[in-house]
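Heads up: the structure comes next, in structure tokens.
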Amino acid sequence: MEKMSRVTTALGSSTISGRTMFCHLDAPANAISVCRDATQVVVAGRNIFKIYGLEEEQFVEKLNLRVGRKPSLNFSCADVMWHQMEENLLATAATNGAVVTWNLGKPSRNKQDQLFTEHKRTVNKVCFHPTEVYMLLSGSQDGYMKCFDLRKKESVSTFSGQSESVRDVQFSMKDYFTFAASFENGNVQLWDIRRPDRYERMFTAHTGPVFCCDWHPDDRGWLATGGRDKMVKVWDMTTNRAKEIYCVQTIASVARVKWRPERKWHLATCSMMVDHNIYVWDIRRPFIPFATFEEHKDVTTGIVWRHQHDPYFLLSGSKDSTLYQHMFKDASRPVDRANPEGLCFGLFGDLAFAAKESLISGDANRKPYPGGDRRYPIFFFKKPDLTEQFAHVSSALSVFESSLESKRMDWFVKTARLYLLSGKPFAELCDHNAKVAKELNRPQVSTTWTMLRIMFSDPANLSTPGPNHIGKLGTLPLMNSFSMKEMGMGTESRLDRSKGESRQDNIHLDLGNSLINNICPNAENEETEGSEGQAEYMFGDAELDDDDLYSMEHDNQAEEQEYTLPQEAFPLRHEIMDNPLAPEHLQQDKADSPQASGNEAEVMCLTPIESFSLISISQPLFSPHLPAPFFCPVVREMLSHYAEQGDVQMAVSVLIVLGDRIRKEIDDLTQEHWYMSYIDLLQRFELWNVSNEVIKLSTCSAITCLNQTSTTLHVNCSNCKRPMSNRGWICDRCHQCASVCAVCHHVVKGLFVWCQGCSHGGHLEHVKNWLKSSSHCPAGCGHLCEYT
Amino acid sequence: MMEQGVEIPQALASGPSAFIPAQVILDEGPDQEVLIEAFLSLGRFDHITMVMALHPTYLSCFLRTQHALLELDGPLPRPWRHYIVVMAAARHQCSYLVQQHSAGFLEVGGEESWLEGLQHTHPKIRCLHTLNKLLAHRPWLITQQHIQVRHTHTHTHTHTHTHTHTHTHTHTHTHTHTHTQVYINGRPPPLLQELVCPGADDRWSLAELIHAVVLMTHSHSLSSFVWGCGLHPEPDHIGGHAFCPPSPSNNMPQSPHSPAPEDGKPEDGVTEVEALMKRMVELQQQVEECSQEEMITRFERERSESIPTAVVRGAPSDLVLRLVEDPEFIYEDFSIRGEQSPPTMRAQDYSWEDHGFSLVNRLLPDMGQLLEEKFQVVCGLTYNRMAMHKDVDTHTLRKALWNYIHCLYGIRYDDYDYGEVNVLLERGLKMFVKTVACHPEQTTDRIYSAYWRLFRHSEKVHVNLLLMEARLQAALLYTLRAVTRYMT
């Protein structure tokens, strides 16, 4: 009676008070537990077993339960629990497999009450029944759970998990007979205490061990589990199948999880390794902890809420040999320090950016990005939830679309589709690809292809230059002063220089507006028609009708760029300096008119090429002086240049088309890297066929083997529906022939073709023939099959 | 070629192992698939694979781990990986692995001069020497203590001591200090802090360090396997071929002929097996109560039981020797209840499942998973048979072996009665286990054939596998614990 009244006082007045405080223990703690009236806490570990009183200002050691000169291993505790009904009763789980109960009411110094040594391995967890005084449950490394009646000398029932060790056992708070057990193999089992023969239900909760579980104190169906896979999951157990309703990803394996009293959505976790903090999560906000306690210097091993109806006091024990009382008001709130901003690129060059509303609107000078013509500021409002104590952040989401077709990576997709990489003579491939590039308005690339053809073709083939050159041949003057190698190099370098130049232009601009060039740095190939084209390209639709709608978010940078626009040809020149390809031409560059437009550069590089090819034609005897390998270093640099600028497509395509001509010049790792990047890009654009072709044509072993992975086709037996392991036509289990031809009724051992509609089928030839004469399914199911 | 005067080398050894007849390996050979897989991943079919193929489930996860360690993405460059394996294998004078990975090292572009000795290598690799030495012979010395002995001015070390010291050990902290310093005398103490201290160029990142540690432990334990199974050198190794046809009298260098068990009639063996089985059954039934002191005594007894292992063997070849510094540093027997017995590690305080895995996976993604799979496979491996008996639950026997090996390395399970080890493992077996785990280079055919005379060879290979993995895990646990403490 006296006990009862004390309990009600504690509950009714809820006058627990205190402050954040700690005390040093003599040894690392493994677990802690608190008595029902929240005035005392027990700390247990390998070398410690003590009770501390919780006072206003400090912890006071009340009792040392570890007595005797040479304490036995029974004192080496893995877990401890204080009974929530009977204040004198404690239970511990010992590392040597013993389950021990302690009676604080005993007059002697040694309070040990009962000793159960039934488990063969370490006992990981003990748990008292929440309402039954004499019922104790244990879970051990040996895979068994045992239920003890404390009035008897041995266990009353044993539950076999039929698997590896039990890591945690917890009685349900609401269902009298139910308990949950978590296992090292990732499973969680639900048991009825009356039925030791088999579990009620089992599900796989985590990959790797489930270290802990905890029933929600109010909601009867909710079970939280924490595992080595660094996740905390909340399961709804009321449905037929346990359903994962929330998942929190932490940064280290989860050692303990405890629901916060009086707060439906909150739970506290601590970690087994590396991370020493205690986190309190709002499970609806799984990305950032609601509150953090950062006091411990080594891993936290035990956490417990001081009172089962008070959410403001958390006790914790740690390997650093301290015991802490944390006050919720002293917790740090990570959300206050977080930056709620996000940025993401879309596949086709769109850019989405979300930032705190205040940040965006507060900056009155902001202007829209020049590259994006239409913008959609979207505001999401989450319904304010009063129970959620998270700071509300409203963000503005802006999506920047790139307007011009050219910017949208279409060129990449088209180029990938249209390029020919094999199957024709080298010269034709080059010409074809040059044409493709030209049609896509990418003259540099086109020219490169043409040059490659010229450089690597046999002189004889040169007499039939590609169709796109014939027209120009006549109009161009012959260069008389062609002086062999020197000039050859000059031509090359100059071509590259002009390429590099235009590229650098764009990089320069893009650094300013931080646009989408990470993905499509090659859009610059469009800017061929001189400065006008350039301007068009950059700011084509910048004059927005609805511009003023968003004026408050206009961007400074845009203005800057508008100002730099008129001089663009001039300041960009110096970027050439960075171009490693043409250092010896710097002098020449300076001599160049600073007003030289892109157009001029274009002409400059075109002229020598054409004349060169002309010379080759007119002087076929000259060719021995410029054998194909002569160009290899230059081509190699050209490829690296393309790749570095982001056009890995060009690099890989040329690599494949040139094949042995260039392969030895480039080291395998680089090649592999290019291939991987290109294949990755292709697959992102879902260009599966092209990607497969590239894989097939590549000569790197690491790439070609990509096509040899996951080539297994798993077949299930059509009778017993189980996987067939050995042969595809006969099932080992039911000994039936699984795939019978619907036409000839024999077993199909080779190609089996079947209708997607009715799933009947048979030998390819038979089905083909059948469907020539009939449109119905050969099996007679009435389905109208189609063979295409 | 003969006419051109080129000498054709001829393989010397018949079959992969000196202990196991080639016929056994062929007969009990595994199904094709694992072998095909192995051949595809290695490009050859080495003796290790052939012998391991007696246990195909293990072989496939072993090869996966080895492949990931040596070939797949990781923080260390590929030539370094092979070199680390080479220097680790050299500690156990395992010329098999030294040659195999020296070739691998050169193949992936390693500098040839490195193979002439540690002094020619990168300074960063030279730093590993002490760690390698400790891992190979006395991993229990790898603790935070060393670091703190060195850095007493910055840290108080009472806290860490309480971790390792338990009430069962009566010696004082100072004892441990002097003890460890005796070992390390005159050399820079290890390690971790030294190795991974940020700033200087030659420092190891934690990820690199873990990679190196896993490589070294892998190599040490594989050396145990190579010696324990008496593997012949590969035909392309030194000692694996000769240029003249083998003379009938002296046909196999280094491979003692395998005689039938010299003493004892088969009946003895039969009763031996049956007695063992009986003891196993008894152990599972009996519930013996004994005091804690008794349990501890039993552990200490097993740990310090003197089992003579020192068999003099010819000096290792120069090829191996030049890669070893301080060759006198070897496993040391624990004296019985002596003042100097080093601290035990409690398996419950730092286990692979709870702690090691998370750390490895954090620093070396996927490796934790691979190692765990390997441990699980090897611990669960059973065919439910013993010698000529079928349907036997060998769990207690396997557990005893595993725990005995961990015991030799000072790891103690609170919940295991080490009396079982004494009951189940006969002296010959203990001798084999201790030799192969602690002094693998001293393994001889005699030790191999002296225990379990009626058991199959595949069962003895099974013992070797257990041995190898238990050893690997023990060494890993000590290092990982030190790393964890470094991080906290």
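First the proteins, then the strands, lettered A, B, ... as listed; each starts at 1.
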Could you check whether atom [atom1] of [X] has more than 12 heavy atoms from other residues, nucleotides or ligands sitting under 6.0 Å from it?
X	atom1	answer
B:Tyr350	OH	yes
A:Glu61	CD	yes
B:Asp73	CG	no
B:Asp366	CG	no

So how far is it from [X] [atom1] to [Y] [atom2], rounded to the nearest 0.5 Å?
X	Y	atom1	atom2	value
A:Asn30	B:Gln348	CG	CD	10.0 Å
B:Arg362	A:Asp275	CZ	CG	7.5 Å
B:Asp417	A:Lys120	CG	NZ	12.5 Å
A:Lys319	B:Thr484	NZ	OG1	11.5 Å

Applying a strict 4.5 Å limit to non-hydrogen atoms, the region of A:Thr122 in contact with chain B is both
Turns out that what part of A:Ala255 lies under 4.5 Å from chain B's heavy atoms comes down to neither
Heaviest contributor of heavy-atom pairs below 4.5 Å to chain B, chosen from A:His276, A:Glu118, A:Gln141, is A:His276
Answer key: most heavy-atom pairs under 4.5 Å with chain B among A:Asp229, A:Asp142, A:Val123, A:Thr95 is A:Thr95
Nearest heavy-atom contact between A:Met273 and B:Leu359 is CE-CB, 3.6 Å
Correct closest heavy-atom pair for B:Asp415 and A:Arg121 would be OD2-NE, 3.1 Å
Applying side chain to side chain contact (heavy atoms under 4.5 Å, CB included) to A:Val274 and B:Ser358, what does each step give before you reach the verdict?
CA-CA 9 Å; A:Val274 187; B:Ser358 299; over 6 Å; no
Honestly, the part of B:Gln376 sitting under 4.5 Å from a heavy atom of chain A is side chain
Exercise. Does A:Arg228 come within less than 4.0 Å of B:Glu372, counting only side-chain N to carboxylate O?
Worked result: yes
